[in-house]
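The block underneath contains the structure these notes are about, expressed in structure tokens.
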Amino acid sequence: MDHFGRNKIKDLLKSHESFVGNNVIVKGWVRTKRGNKNVAFIALNDGSIIHNIQVVVDVQNFDENILKLVTTGACLKVHGKLVESAGSGQKVEIVAESIEIYGTADAEIYPLQKKGHTMEFLREIAHLRPRTNTFGAVLRIRHAMAFAIHKYFNDNGFYYIHTPVITGSDAEGAGAMFRVTTLDAANPPKKEDGAIDFVQDFFGKPTNLTVSGQLEAELGAMALSLVYTFGPTFRAENSNTPRHLAEFWMIEPEMAFYEITENMDLAEDFLKSLIRYALENCYDDLEFLNEMYDKELIERLKSIVNVDFERLSYTRAVEILEKCGEKFEFPTAWGSDLQAEHERYLVEKHFKKPVILTDYPKDIKAFYMKQNDDGKTVRGMDVLFPRIGEIIGGSQREEVYEKLYSRMKEMGVSEKELWWYLETRKFGTAPHAGFGLGFERLILFVTGMSNIRDVIPFPRTPMNAEF
RNA sequence: UCCUCCUUAGCUCAGUUGGUUAGAGCAUCUGACUGUUAAUCAGAGGGCCGCUGGUUCAAGUCCAGCAGGGGGAGCCA
């Protein structure tokens, strides 16, 4: 019993031995009601667990007008005795002694039915979809993964650092940005040459929502050694795919004294640890998702935990792709970025396990990546997963001032805006590395859902900011 | 942003070479049933066939534009 005077349905179902025979109080939402003149069965769910508890109602003992209001979607308080179930299908059930209606749900217009709905329809009623089995499971797993991330880093000596959501830099190089301004969009102040006068804006200069906390996280790593960020990230790309959001959550660890190999070791151990946590703590929800959406989900998760990720260089990957005999829509050539079909071939057909690719051509990677001695490649690393492709992107960072500076010049990155970033290489620089994990892509993988819009409560995508 | 497919009842979908009154399952409502498990059985109500225009004697069906959605690609996490 918690301090709101209720028993969680999870406790009653999971520890039923200690509750059988007791008077209990449950509060929750009706999933179904069925029965006849004499007896009614209510399936009640409070979100504490995917399973419903069955409430048995001796119809003669209740006001007919109250029972009429017990419809799918209504919210109830039920007081009764927990007993071993007389029927098969559940171990225990509650014999109702009183029922209080907290909130009715007009069955004629309540959109959720007890039968299955498509994901597309549920997205249109995102305010109600947490009440479905699927979204309850996804949201509980999402919570568990967020917790497991903090736990993993805390257990391993990392410090959680809060990087800014509003940034004055538009040179982070990770995609189009959302402008943040208090200027009047219809009539902004102009300078003499007609350009918008950002001196009059809130911050006195143009600002945007962050596309990455990495550069600031590096500043933290240059003092606390091991840090990570976990926060919202915004990309104004017109991306319409099941793997992209305009607003998503990203985890970015940054480690002083780590080189590319330690970076890979951490990424692999981190991912395995999170998946193991899901298997150990979310099994009921995973079983449901496995049954309803993806019959190989649990087996796939277990196999990831027990396999060594394949590690190879970009150059070696291109060799494999050129010799494999597979017909690709786009030919492979050293120097151009791998296409999705190439990555999928490596992960799903050639190696049949997660793959970490490293040492990419410098021209297809960001300015801050550590340059190799060959003058052609940089120490970037992408972790590729089955079904979803790139789940992690990271690198060892270039810590030598001159090399970083010249690369910025070559790639047109503003040293004026990133003067503070450059100064970390001027004062006590150190080898370091880090990576970014897309939180929703992790949740996609762990839940077996197929569209990223279905693993975040309120997805933001081009032309959609409802709710 | 590009390619492609889709849009018919509250939901999921049928709807023939263009042809007269628009179909099913589920949901809802009414009734039956003494323990149901996505209960079952009987009956009823429920439609701007996405929107706009065009072709035709006749359009849910063919054509064009627009809107929304799915899948694939690119950008990436």
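Just so it is clear: chains get the letters A, B, ... in the order the sequence lines come, proteins before strands, and each one is counted from 1.
Between A:Ala105 and A:Thr71, the shortest heavy-atom contact is O-OG1, 2.8 Å. A:Ala74 and A:Leu69 make their closest contact through CB-O, 3.6 Å (heavy atoms, listed as atom of the first residue, atom of the second, distance). Nearest approach of A:Ile452 to A:Arg243, heavy atoms of both residues: CD1-O, 3.5 Å. Closest approach of A:Thr210 to A:Pro232, counting heavy atoms only: CG2-O, 3.8 Å.
One interatomic measurement links the two molecules: CZ of A:Arg453 to P of B:G70, which rounds to 5 Å at whole-angstrom precision. We find that CD of A:Glu291 is positioned 12 Å from P of B:A38, with the value rounded to whole Å. Atom CG in A:Leu112 sits roughly 15 Å away from atom C1' in B:C26 (whole-Å rounding). One can place CG of A:Asn238 at 11 Å from C1' of B:G74, the figure rounded to the nearest angstrom. At whole-Å resolution of the value, CZ in A:Arg34 and C1' in B:A32 are 18 Å apart. Rounded to whole Å, the distance from CD on A:Glu466 to C1' on B:G68 is 13 Å. The CD-P distance, from A:Glu120 to B:G68, rounds to 16 Å in whole Å. In this structure, A:Ile452 atom CD1 and B:G69 atom C1' are separated by 18 Å, rounded to whole Å.
Secondary-structure stems of RNA chain B, taken as three or more successive Watson-Crick or G-U wobble pairs (i with j, i+1 with j-1) under a 3.5 Å distance threshold, comprise B:1-7 with B:67-73, B:10-13 with B:23-26, B:28-32 with B:40-44, B:50-54 with B:62-66.
When heavy atoms are screened at a 4.0 angstrom cut-off, A:Ala340 is found touching the sugar-phosphate backbone but no base atom. Among the protein residues, A:Arg31 comes within range of no part of the nucleic acid, since none of its heavy atoms lies under 4.0 Å from any strand. Residue A:Phe41 is in base contact, counting any heavy-atom pair closer than 4.0 Å across all strands shown. A:Ile109 comes within 4.0 angstrom of nothing in the nucleic acid, heavy atoms only. Residue A:Asn240 is in base contact, counting any heavy-atom pair closer than 4.0 Å across all strands shown. A:Glu341 comes within contact range of no nucleotide atom at all, as no heavy-atom separation falls under 4.0 Å.
Note on ring orientation: taking the six-membered ring where Trp is involved, the planes of A:Phe328 and A:His342 are perpendicular (angle over 60°, cut-offs 30° and 60°). Ring pair A:Tyr360/A:Tyr314 is tilted by interplanar angle, where 30° to 60° counts as tilted.
Comparing the C1' positions of B:U52 and B:A14 gives an interatomic distance of 27 Å, to the nearest angstrom. Spacing of C1' atoms, B:G46 relative to B:A22, comes out at 13 Å, to the nearest Å. The P atoms of B:C62 and B:U7 are separated by 10 Å, rounded to the nearest whole Å. The same atom, C1', is picked in B:U61 and in B:G50; the two are 16 Å apart, to the nearest Å. The same atom, P, is picked in B:C5 and in B:G45; the two are 40 Å apart, to the nearest Å.
Taking the six-membered ring for Trp, A:Tyr160 and A:His150 have ring centres closer than 6.0 Å. For A:Phe153 and A:Tyr159, the distance between ring centers is not under 6.0 angstrom.
For the segment residues 55-92 of chain A, the set of residues with a heavy atom within less than 4.0 Å of an atom of RNA chain B comprises A:Ser85, A:Ala86, A:Gly87, A:Ser88, A:Gln90, in numerical order. Contacts of residues 350-365 of chain A with RNA chain B (heavy atom under 4.0 Å): none. Residues of residues 146-153 of chain A having a heavy atom closer than 4.0 Å to RNA chain B: none are found. Sorted by residue number, the members of residues 434-442 of chain A with any non-hydrogen atom under 4.0 Å from RNA chain B read A:Gly436, A:Gly438, A:Arg441.
Taking the side chain of A:Phe248 as heavy atoms from C-beta on, and the options B:A77, B:G68, B:U12, the nearest nucleotide is B:A77. When distances are taken from the side chain of A:Thr241 to each of B:C11, B:C76, B:G74, the shortest belongs to B:G74. Nearest to the side chain of A:Asn451, among B:G72, B:A77, B:G70, sits B:G70.
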Solution key, residues 94-101 of chain A side-chain donor-acceptor pairs under 3.5 Å, sequence neighbours excluded:
none

Show me, pair by pair, the donor-acceptor contacts under 3.5 angstrom made by side chains of residues 456-467 of chain A, not counting sequence neighbours?
{"from": "A:Arg460", "atom 1": "NH1", "to": "A:Glu466", "atom 2": "O", "distance (Å)": "2.9"}
{"from": "A:Arg460", "atom 1": "NH2", "to": "A:Phe467", "atom 2": "O", "distance (Å)": "2.6"}
{"from": "A:Asn464", "atom 1": "OD1", "to": "A:Glu466", "atom 2": "N", "distance (Å)": "3.3"}

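With sequence neighbours excluded, no residue forms a ring-ring contact (aromatic ring centres under 6.0 Å, His included) with A:His143. Residues forming a ring-ring contact (aromatic ring centres under 6.0 Å, His included) with A:Phe445 (at least two apart in sequence, or on another chain): A:Phe385. For A:Tyr152, the ring-ring contact (aromatic ring centres under 6.0 Å, His included) partners at least two apart in sequence or on another chain are A:Phe270. For A:Lys349, the salt bridge (charged side-chain N to carboxylate O under 4.0 Å, His left out) partners two or more places apart in sequence, or in a different chain, are A:Glu326.
Contact of A:Arg235 with B:A77 (side chain to base): a donor-acceptor pair of N or O atoms is detected under 3.5 Å. In the interface, the side chain of A:Gln113 is not paired with the base of B:U28 through any donor and acceptor atom under 3.5 Å apart. With hydrogens and angles ignored, no donor-acceptor pair under 3.5 angstrom links the side chain of A:Glu237 to the base of B:G74.
In this structure, A:Thr32 does not reach the B:A38 phosphate: none of its side-chain N or O atoms is under 4.0 Å from OP1 or OP2. Taking 4.0 angstrom as the limit, A:Asn36 places none of its side-chain polar atoms (N or O) nearer than this to OP1 or OP2 of B:U36. In terms of phosphate contacts, A:Arg344 brings a side-chain nitrogen or oxygen within less than 4.0 Å of OP1 or OP2 of B:A73.
Between the CD1 atom of A:Ile9 and the NZ atom of A:Lys27 there is a distance of 12.0 Å, given to the nearest 0.5 Å. Separation of atoms CG (A:Leu357) and CG (A:Leu384) is listed at 5.0 Å; rounding is to 0.5 Å. A distance of 10.5 Å separates OG in A:Ser48 from NZ in A:Lys14, rounded to the nearest 0.5 Å. The structure places OG1 of A:Thr163 at 8.5 Å from CE of A:Met250, a figure rounded to the nearest 0.5 Å.
With hydrogens and angles left out, the side-chain atoms of A:Thr72 and A:Gln113 include no donor and acceptor closer than 3.5 Å. A:Gln396 and A:Tyr258 are not linked by any side-chain donor-acceptor pair at a separation below 3.5 angstrom, with hydrogens and angles left out of the test.
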*Verdict with reasoning, A:Tyr228 to A:Glu254, per side chain to side chain contact (heavy atoms under 4.5 Å, CB included)*: CA-CA 6 Å; A:Tyr228 71 104; A:Glu254 197 68 36; over 6 Å; no

Filtered N/O pairs between nucleotides 42-52 of chain B and protein, under 3.5 Å:
none

